[in-house]
Amino acid sequence: MDKRTSDKPLDVAIAGAGIAGAALGVALKQTLGGAFSVAVFDPSLGRAPARDDRVVAIAGGAKRLFEAIGVWERMSEVQPIRAMEITDSKLHDAVRQTYLEFEEDEESEPFAHMVENRALIEALREAAEEAELELIASGIEDYSADESFAHFGAGGSRYRARLLAAADGAQSKLRALAKIQTIARGYDQSGIVATIGHAREHNGKAIQHFLPSGSFAILPLTGKRSSIVWTEGSAEARRIVALPPNEFLAELELRFGLQLGELEVLSPARAYPLQISIARSFIAERLALVGDAAHVIHPLAGQGLNMGLRDVAALAECIADNARLGLDPGDSQVLSRYQRWRRADTVAMGLATDSLNRLFSNESTALKYLRDLGLGLVDRAPGLKKFFAREAAGLTGDVPKLLRGEFI
Ligand SMILES: Cc1cc2nc3c(=O)[nH]c(=O)nc-3n(C[C@H](O)[C@H](O)[C@H](O)COP(=O)(O)OP(=O)(O)OC[C@H]3O[C@@H](n4cnc5c(N)ncnc54)[C@H](O)[C@@H]3O)c2cc1C
């Protein structure tokens with residue numbers, strides 16, 4: 001018998017120390033304190049962090065969650081997005097006409113903040129150590145459940161927990177072990193990500209060019225740097241990332257434009273295959289799916305992780321409400337409440353990004369006319385613009401407390 005089976009079982013075990021899993025662990029430990037046992041399992045905890053040049057646009061709600069759990073203050077390199085511009089054009093158009101512009105007004109907060117994934121993971125790991133979260137450098141290998149516990153193995157030991165939260169990413173092993181199906185479709189598109197240096201200041205402006213092959217986003221980072229998320233058909237994306245540096249730069253300049261002066265590629269470009277995938281259920285016995293394990297969406301609206309953090313805030317609140325009353329943190333009421341709270345919202349966002357991608361990633365002149373009319377109407381209606389900005393910040397609907405900056 002291993003030490004945990006003979007010892008007290010865990011209250012909550014988390015598979016995955018990515019941003020979603022680590023944030024859930026820190027939120028639970030900080031809220032429920034030392035007597036509430038939480039452990040995070042991830043084979044990557046034992047390795048040096050893999051190179052990750054991805055950046056993420058953290059919306060207002062997610063920022064408040066990180067503030068509430070003491071992670072935001074640990075981040076030094078944070079770039080607010082103060083303005084956004086959306087254009088719709090063909091690749092070789094001489095001028096990219098702007099259809100929609102958002103400017104930060106004096107009372108409002110920035111639309112989002114750009115942070116680098118690895119900086120966020122480092123800040124979360126520091127907070128996890130400070131909160132004395134148990135970090136175990138092994139992957140979870142199997143799962144079964146009975147009325148009282150989830151049972152699983154990791155690193156040659158057996159464990160049991162009242163609740164197992166699967167934050168083990170898009171290819172979630174736990175989702176497969178729990179036999180939860182997904183509704184999934186590959187886009188045959190890939191998102192090329194790279195960090196770009198430029199001669200001029202970006203002044204905190206994010207630009208989204210909708211081009212026939214997909215969206216091309218320029219997202220401001222600290223200093224005279226921006227990150228690009230450049231969507232292309234998958235074969236074309238593979239060709240582009242394999243180009244010699246001068247030819248890559250030429251393709252980049254064609255899309256990026258010259259508004260920020262001379263460009264320099266600061267990180268190797270990587271292509272991520274894109275898909276939509278939503279789990280048919282977010283729960284199984286003693287198990288909850290969180291983050292990319294529950295849903296993966298097109299990155300064109302920068303909402304994938306923000307949705308994962310909504311899961312984190314909702315699940316932490318459901319668990320804490322029960323645990324404070326001395327009730328079981330993984331019983332079926334906690335799980336059903338979590339599923340009701342998160343699944344419909346996720347399906348709605350998944351469908352919205354899917355429709356936007358279909359609407360914009362094509363050459364049809366009739367569709368271009370319709371979408372430009374739509375963008376123009378939104379641009380001239382301040383109420384609608386405010387609505388979209390609040391929606392993107394994750395501040396509409398039934399917002400979990402942590403996303404409102406309140407303690408749970
Ligand atoms: C090109 C691109 C751009 C994006 N831009 C944005 C953006 O601007 N805004 C936004 O909100 N989102 C964005 N996203 C989405 C965002 O990157 C993901 O939603 C987010 O990284 C998922 O985090 P996660 O913690 O759920 O999963 P992951 O980061 O995949 O973490 C999963 C963890 O689980 C571990 N693991 C795997 N198997 C096991 C196991 N059996 N046991 C234990 N641990 C295990 C892994 O080692 C890993 O550490 C983008 C995505 C792409 C592809």
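Computed from heavy atoms alone, side chains included, the values below leave out hydrogens, waters and symmetry copies. For ligands, and for the atoms within them, numbers begin at 1 and follow the listed sequence. This structure is a prediction, so every number in the text was calculated from the model and none was measured. Throughout, residue positions are numbered sequentially from 1 according to the sequence presented.
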What is the nearest protein non-hydrogen atom to [atom], stated with its residue, atom name and distance?
| atom | answer |
| --- | --- |
| atom 42 (N) of ligand 1 | Ile140 N, 2.9 Å |
| atom 5 (N) of ligand 1 | Val55 O, 4.1 Å |
| atom 14 (N) of ligand 1 | Leu305 N, 4.5 Å |
| atom 3 (C) of ligand 1 | Pro299 CB, 3.7 Å |
| atom 38 (N) of ligand 1 | Asp168 CB, 3.7 Å |
| atom 51 (C) of ligand 1 | Arg54 NH1, 4.1 Å |
| atom 19 (O) of ligand 1 | Asp292 OD1, 2.7 Å |
| atom 53 (C) of ligand 1 | Tyr272 CB, 3.8 Å |

What atoms in ligand 1 come closer than 4.0 Å to a heavy atom of [X]?
| X | answer |
| --- | --- |
| Gly18 | 25 (O), 31 (O), 33 (C), 49 (O) |
| Phe41 | 43 (C), 44 (N) |
| Val193 | 1 (C) |
| Gly291 | 26 (O) |
| Gly169 | 27 (O), 30 (O), 32 (C) |
| Ala57 | 7 (C), 8 (O), 9 (N) |
| Gly304 | 10 (C), 11 (O), 12 (N), 19 (O) |
| Ala167 | 32 (C), 33 (C), 34 (O) |

4.5 Å side-chain heavy-atom contact, Val334 and Pro329: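 The answer is no; the side chains never approach within 4.5 Å.
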Contact check, side chains of His113 and Trp72, non-hydrogen atoms, under 4.5 Å: yes
Any salt bridge linking [X] with [Y]? Criterion: basic side-chain nitrogen under 4.0 Å from a carboxylate oxygen.
| X | Y | value |
| --- | --- | --- |
| Arg225 | Glu116 | yes |
| Lys29 | Glu132 | no |
| Arg74 | Glu130 | yes |
| Asp331 | Arg286 | no |
| Arg239 | Glu247 | no |
| Arg342 | Asp398 | no |

Could you say whether the N/O atoms of [X] and ligand 1 ever approach to under 3.5 Å?
| X | answer |
| --- | --- |
| Gly302 | yes |
| Lys173 | no |
| Asp42 | yes |
| Ala20 | yes |
| Ile19 | yes |

Side-chain (Arg340) to main-chain (Leu335) donor-acceptor, under 3.5 angstrom: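 No, Arg340 side chain to Leu335 backbone: no donor-acceptor pair under 3.5 Å.
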From CA spacing to verdict: ring pair (Phe, Tyr, Trp, His ring centres under 6.0 Å), Trp230, Tyr272: CA-CA 10 Å; Trp230 168 2; Tyr272 295 84; over 10 Å; no
Distance under 6.0 Å and angle within 45° of ring axis: Arg160 vs Phe149: yes
Atom 47 (O) of ligand 1 touched by protein (heavy atom, under 4.0 Å): yes
Single hit among His151, Lys173, Arg158 for side-chain hydrogen bond (donor to acceptor under 3.5 Å, both in side chains) with Asp142: Arg158
Gln259 and His198 side chains, donor-acceptor separation under 3.5 Å: no
